[in-house]
Amino acid sequence: MADVALSNDPLWPRAGDWPAPESLAPEASARLALLGVPAWRTSLSPTDAHTTPAAVRQALRRYSPALVPSRQEGRDAVDLGEQAVVDAGDIVEPDGPEGETRTRARVAELLERAETVMALGGDNSVTVATALGAYGDRLDTAGLITIDAHYDLRDGVSNGSPVRRLVEAGLDPRRIVQIGIADFANSAVYARRAAELGITVVRRDELHGRRPADVMAEALEIAGAAGGPVHLDIDVDACDRSVVPGCPASMPGGLAAWELRALVRAAGGDARVVSADLAEVDASADAPDGRTVRLTALCVLEFLAGVASR
């Protein structure tokens, strides 16, 4: 996506340009902290996903942080720019055990000053360190919701294994919900593994005709059943390939862009969700119009809109 000059209108502020956490007064807190986690070295597919956090920050500048009035919701116009949002920069070399340790520590540190943290990936391996950093010592009551076409239960350490690794770390699989799992994107072995673990799976075909907010509400009741923190993994390749060509594993027939956005906003509105990650976008492989990165940036704003509605 080419960098272009954007117009300047003081009455039409742009999203992004959020300050560093250190800019907050000692007693102040943020609603949302962004953290770049540009992991890519263990990806099963060749990727330059480490270029994505910077591209998402650039794409945010194309949007306003405003919600238009809604008679249905009884809402006046809302300026999300009035919410306290901070940008904590990027984790240096987040891949590998040492990188994951740094990521976990930084997420935990940010949650001492912010209500929620959103990690900008990077490939899907970022889910492990981000979630564990958010769970802290509450892993025994924690939950996980993934929006993903894939189970991510593979053996080994890769972008295909974060859910399995979290289970092995102690996360109760009965509090895992996977939304968007697709035919022809998984193996029968991993499907059986998910069933044996007791993971709740909502197949992509089950979403047709259902309100995303209702689907997410049901997922939250399962993931948040023990009262612990819930992490949201947003694997953008759950979407249809026409809207996310910059996701190496996306398929025709995936989620529509509006479905992903609605699911993310609904999750952000629940106080049990303390962390999220955006993963599996390779900004260098995007269409010339930058549609994948732009959708990813909109998911940041959708999550913020949800948090602001709490």
Side-chain angles (χ1 to χ4, degrees), residues 34-56 88-108 117-135 139 144-171 173 176 178 180-182 185-187 189-191 193-194 197 199 231-239 244-251 275-286 292-293 296:
L34 294 182
L35 177 66
V37 188
W40 64 286
R41 297 186 188 279
T42 65
S43 178
L44 295 169
S45 304
T47 184
D48 287 327
H50 57 292
T51 65
T52 301
V56 171
D90 290 353
I91 298 293
V92 177
E93 289 292 338
D95 287 292
E98 292 183 0
E100 290 188 351
T101 297
R102 287 193 295 273
T103 302
R104 287 178 63 172
R106 186 57 168 150
V107 170
V117 169
M118 173 170 271
L120 304 177
D123 68 31
N124 219 153
S125 65
V126 307
T127 302
V128 176
T130 305
L132 291 176
Y135 295 156
L139 181 60
L144 172 70
I145 298 173
T146 74
I147 304 172
D148 199 333
H150 309 95
Y151 290 109
D152 287 346
L153 290 168
R154 289 176 182 258
D155 295 329
V157 176
S158 70
N159 62 333
S161 64
V163 175
R164 193 210 83 246
R165 292 181 64 200
L166 286 171
V167 170
E168 291 180 354
L171 179 64
I176 298 176
Q178 300 193 280
I181 299 297
N186 298 280
S187 76
V189 171
Y190 292 128
R193 180 176 290 182
L197 287 169
I199 292 172
H231 178 78
L232 175 68
D233 166 33
I234 309 160
D235 184 334
V236 183
D237 72 20
C239 286
V244 290
C247 293
S250 60
M251 298 171 57
S275 57
D277 67 75
L278 283 158
E280 290 300 309
V281 175
D282 180 352
S284 73
D286 206 357
T292 313
V293 171
T296 306

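Side-chain atoms are counted along with the backbone in the values below, which use heavy atoms only and exclude waters and symmetry mates.
- One N or O on the side chain of D286 and one on the backbone of V293 form a donor-acceptor pair closer than 3.5 Å.
- Judged as a salt bridge (charged side-chain N to carboxylate O under 4.0 Å, His left out), the pairs with a partner in residues 145-156 (not counting sequence neighbours) are, in order, D155-R193.
- Between L132 and L166, the closest side-chain pair of non-hydrogen atoms falls below 4.5 Å.
- To the nearest 0.5 Å, the span separating CG on D277 from CE on M118 amounts to 8.0 Å.
- The shortest heavy-atom contact between V37 and P94 is CG1-CB, 3.7 Å.
- Shown here for S275 and A134, the closest heavy-atom pair between the two residues is OG-CB, 3.2 Å.
- Between the side chains of D233 and T127, at least one donor-acceptor pair of N or O atoms lies under 3.5 Å.
- When only modelled atom types and interatomic distance are considered, H50 and D95 share no side-chain donor-acceptor pair under 3.5 Å.
- Counting heavy atoms from C-beta on, the side chains of D235 and I147 never come closer than 4.5 Å.
- Counting heavy atoms from C-beta outward, C247 and T292 have side chains that approach closer than 4.5 Å.
- Considering every non-hydrogen atom in both V117 and V107, the closest pair reads CG2-O, 4.2 Å.
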Go through the steps to decide whether L144 and Y135 satisfy the test side chain to side chain contact (heavy atoms under 4.5 Å, CB included), and finish with yes or no.
CA-CA 10 Å; L144 172 70; Y135 295 156; 3.7 Å; yes
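- If you check the side chains of D48 and S284, you find a donor sitting under 3.5 Å from an acceptor.
- No donor-acceptor pair closer than 3.5 Å links the side chain of S161 to the backbone N or O of L153.
- Considering all non-hydrogen atoms of both residues, P53 and G121 come closest at CD-O, 3.7 Å.
- Note that the CD1 atom of I145 and the CD1 atom of I176 stand 11.0 Å from one another [nearest 0.5 Å].
- Residues that satisfy the side chain to side chain contact (heavy atoms under 4.5 Å, CB included) test with T101, not counting sequence neighbours, are absent from this structure.
- The backbone N or O of N159 sits nowhere less than 3.5 Å from a side-chain atom of S125 that would complete a donor-acceptor pair.
- The existence of a salt bridge linking R164 and E168 is confirmed by a sub-4.0 Å separation between a basic side-chain nitrogen and an acidic carboxylate oxygen.
- Nearest heavy atom pair, residue A182 against residue N186, reads O-ND2, 3.0 Å.
- Taking 4.5 Å as the limit, some side-chain heavy atom of Y151 sits within range of a side-chain heavy atom of I181.
- Note that the NE2 atom of H231 and the CG atom of L171 stand 10.5 Å from one another [nearest 0.5 Å].
- Contact check for Q178 versus H150: no side-chain heavy atoms found under the 4.5 Å cut-off.
- In this structure R102 satisfies the side-chain hydrogen bond (donor to acceptor under 3.5 Å, both in side chains) test with no other residue, sequence neighbours excluded.
- Note that the CG atom of N124 and the CD atom of E280 stand 5.0 Å from one another [nearest 0.5 Å].
- The distance from the CG atom of D282 to the OG1 atom of T47 is 3.5 Å, given to the nearest 0.5 Å.
- We find the OG1-CG distance between T130 and L120 to be 10.0 Å, quoted to the nearest 0.5 Å.
- A donor-acceptor pair is defined here as one N or O able to donate and one able to accept, closer than 3.5 Å; no such pair exists between the side chain of S158 and the backbone of S43.
- Nearest heavy-atom pair, I91 versus P38, reported as atom, atom and distance to 0.1 Å: O-CD, 3.6 Å.
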